[in-house]
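What follows is a single structure, written as structure tokens, with notes after it.
Just so you know, ligand 1 is whichever comes first in the structure, and atom 1 is the first atom listed for that ligand. Given the structure is predicted, the values throughout are model-derived calculations rather than measurements.
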Amino acid sequence: MTSTRLTTTIAVIGGTGKEGSGLAYRWARAGYDIIIGSRRKEKAEATAAELNSMLDKERVTGMENSDAAGAGDVIVLTVPFSAHRNTLETIHDEVQGKIFIDVTVPLRPPNVNVVQLPEEGSAAQITQELLGKDVLVVSAFQNVSATHLKDDEHEVDCDVLVTGDDEGAKKLTLKLIEAIGMRGIDAGPLANAAIAEGLTSVLIHINKQYRIKNSGIRITGID
Ligand SMILES: NC(=O)c1ccc[n+]([C@@H]2O[C@H](COP(=O)([O-])OP(=O)(O)OC[C@H]3O[C@@H](n4cnc5c(N)ncnc54)[C@H](OP(=O)(O)O)[C@@H]3O)[C@@H](O)[C@H]2O)c1
């Protein structure tokens with residue numbers, strides 16, 4: 001058990017979706033208190049109820065996004081890139097001083113299997129710019145498919161590249177990754193988030209090419 005366990009409440013903004021609800025489920029199963037955030041409180045509460053019934057425990061609650069961001073210790077953002085900027089604006093004040101894990105991939109439909117990074121460098125760098133220097137932005141999970149996150153029988157076969165400019169925030173993120181049975185890799189400063197974000201389009205292409213749903217990545221050479 002890590003020192004962060006059972007003392008950290010994780011708020012997942014956009015946690016009603018595929019990736020956010022899957023990560024929320026894994027963290028709740030590992031013992032964390034979770035808040036699901038949504039634009040609509042009722043939708044968040046419905047997802048929370050669904051996860052609690054899967055867990056057979058009351059560990060997940062649902063709130064409107066800005067309330068969730070205010071109540072969480074660690075904030076995780078899982079919304080489509082098209083909703084990224086707007087969502088950040090609605091939670092800006094509530095996340096000041098907190099660790100903020102951005103999962104967003106800057107996909108631009110319909111060509112989601114082509115790398116199309118924003119001119120700022122990456123979604124994570126936009127996040128840091130919009131939220132300001134007092135928010136400890138970390139980028140992670142872009143390469144983890146939602147496909148098996150709610151499947152208890154299935155270990156997630158993917159390393160998690162973690163980038164950020166605050167060493168403490170990265171360390172806590174690495175612990176949160178380990179807590180749900182994955183291996184996190186410190187992949188450097190936030191400027192390197194572009195590579196993890198871009199890799200997702202490569203994985204989407206691989207999924208299509210090989211008719212699979214959950215290709216992932218592994219970093220070799222680390223014992
Ligand atoms: N799915 C995957 O396998 C996967 C893997 C790695 C990374 N990611 C990344 O993780 C993020 C979330 O992916 P996802 O598949 O979970 O997305 P999703 O299910 O399509 O959407 C997640 C949530 O975002 C909110 N949302 C959707 N459209 C919105 C809009 N126009 N404005 C504001 N909020 C909106 C919705 O929440 P409410 O309606 O409740 O507000 C929705 O439930 C994306 O950036 C994606 O690229 C996904």
Side-chain angles (χ1 to χ4, degrees), residues 11-27 34-51 60-69 75-92 100-118 122-127 130 137-151 154 156-163 173 177 180 182 184 193-208 212-217:
V12 186
I13 307 303
T16 54
K18 298 176 279 295
E19 186 77 2
S21 64
L23 291 172
Y25 174 70
R26 293 241 164 192
W27 276 314
I34 303 295
I35 304 167
I36 297 291
S38 167
R39 288 168 291 178
R40 287 194 302 118
K41 184 170 185 268
E42 305 72 36
K43 188 175 170 188
E45 287 172 341
T47 299
E50 181 197 321
L51 296 182
V60 188
T61 52
M63 296 181 190
E64 186 275 324
N65 278 334
S66 60
D67 291 336
I75 316 302
V76 178
L77 180 66
T78 57
V79 296
F81 185 57
S82 57
H84 181 243
R85 191 174 287 269
N86 277 350
T87 307
L88 289 172
E89 282 165 2
T90 65
I91 58 176
H92 174 278
F100 190 99
I101 304 173
D102 195 352
V103 183
T104 309
V105 180
L107 299 177
R108 296 170 202 258
N111 296 325
V112 293
N113 57 347
V114 174
V115 180
Q116 300 179 77
L117 295 171
S122 62
Q125 285 166 291
I126 294 174
T127 299
L130 279 177
V137 177
V138 176
S139 171
F141 297 108
Q142 285 78 15
N143 309 137
V144 175
S145 167
T147 309
H148 293 298
L149 285 175
K150 286 190 208 151
D151 179 354
H154 211 285
V156 177
D157 189 15
C158 185
D159 285 340
V160 183
L161 298 180
V162 178
T163 59
T173 304
I177 293 165
I180 53 176
M182 292 180 227
I195 299 304
E197 292 181 13
L199 255 181
T200 302
S201 287
V202 175
L203 295 174
I204 291 170
H205 172 83
I206 290 169
N207 286 345
K208 200 168 167 212
I212 55 174
K213 284 190 175 161
N214 57 331
S215 60
I217 59 153

Could you see which bit of [X] sits under 4.0 Å from ligand 1, with heavy atoms only: side chain, backbone, both or neither?
X: Thr200; value: neither
X: Lys18; value: both
X: Gln142; value: backbone

Students should be able to answer this: which protein heavy-atom is nearest to [atom], and at what distance?
atom: atom 2 (C) of ligand 1; value: Glu19 OE1, 3.4 Å
atom: atom 43 (O) of ligand 1; value: Thr16 OG1, 2.7 Å
atom: atom 3 (O) of ligand 1; value: Ala146 N, 2.9 Å
atom: atom 39 (O) of ligand 1; value: Lys43 NZ, 2.6 Å
atom: atom 23 (C) of ligand 1; value: Gly14 O, 3.6 Å

Tell me which one of [options] gets a heavy atom nearest to [atom].
atom: atom 44 (C) of ligand 1; options: Thr104, Leu149, Val79; answer: Val79
atom: atom 46 (C) of ligand 1; options: Val105, Ile13, Asn65, Val12; answer: Val105
atom: atom 27 (C) of ligand 1; options: Gly22, Pro80, Gly62; answer: Pro80
atom: atom 41 (O) of ligand 1; options: Arg40, His148, Glu197, Arg39; answer: Arg39
atom: atom 9 (C) of ligand 1; options: Thr78, Leu77, Val103; answer: Val103

Closer than 4.0 Å to some heavy atom of [X] - which atoms of ligand 1 meet that?
X: Phe141; result: 6 (C)
X: Ser38; result: 38 (P), 40 (O), 41 (O)
X: Ala83; result: 29 (C), 30 (C), 31 (N), 32 (N), 33 (C), 34 (N), 35 (C)

Do the side chains of [Y] and [X] get nearer than 4.5 Å, heavy atoms only?
X: Ile34; Y: Tyr25; answer: no
X: Ile75; Y: Phe100; answer: yes
X: Thr104; Y: Ile126; answer: no
X: Leu130; Y: Arg85; answer: yes
X: Thr163; Y: Ile195; answer: no
X: Glu19; Y: Leu149; answer: yes

Angle class for the His148/His154 ring planes (parallel below 30°, perpendicular above 60°, tilted otherwise)?
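Ring orientation, 0 to 90° scale: parallel.
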
Is there a donor-acceptor contact under 3.5 Å linking the side chains of Ser21 and Lys150?
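Short answer, yes.
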
Polar side chain donor-acceptor pair, Asn65 to Thr90, under 3.5 angstrom
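Absent: no donor and acceptor within the cut-off.
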
Under 3.5 Å between any N/O of Gly17 and any N/O of ligand 1: does that happen in this structure?
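Yes, since at least one N or O of Gly17 sits under 3.5 Å from an N or O of ligand 1.
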
Quick one: does Thr87 get an N or O within less than 3.5 Å of an N or O on ligand 1?
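N/O-N/O distance below 3.5 Å does not exist for this pair.
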
If you look only at distance, which donor and acceptor atoms sit under 3.5 Å apart when one is on a side chain in residues 110-117 and the other is two or more places apart or in another chain?
{"unit_1": "Gln116", "atom_1": "NE2", "unit_2": "Arg108", "atom_2": "O", "d": "3.4"}
{"unit_1": "Gln116", "atom_1": "NE2", "unit_2": "Asn111", "atom_2": "O", "d": "3.1"}

Any Ser145 heavy atom less than 4.0 Å from ligand 1:
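Ser145: in contact with ligand 1 (<4.0 Å).
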
Thr78 side-chain N/O to Val103 backbone N/O, donor-acceptor pair under 3.5 Å:
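No, because the side chain of Thr78 does not come within donor-acceptor range (under 3.5 Å) of the backbone of Val103.
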
Among Thr87, Leu88, Asn86, which one satisfies side chain to side chain contact (heavy atoms under 4.5 Å, CB included) with His84?
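The residue from Thr87, Leu88, Asn86 that satisfies side chain to side chain contact (heavy atoms under 4.5 Å, CB included) with His84 turns out to be Leu88.
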
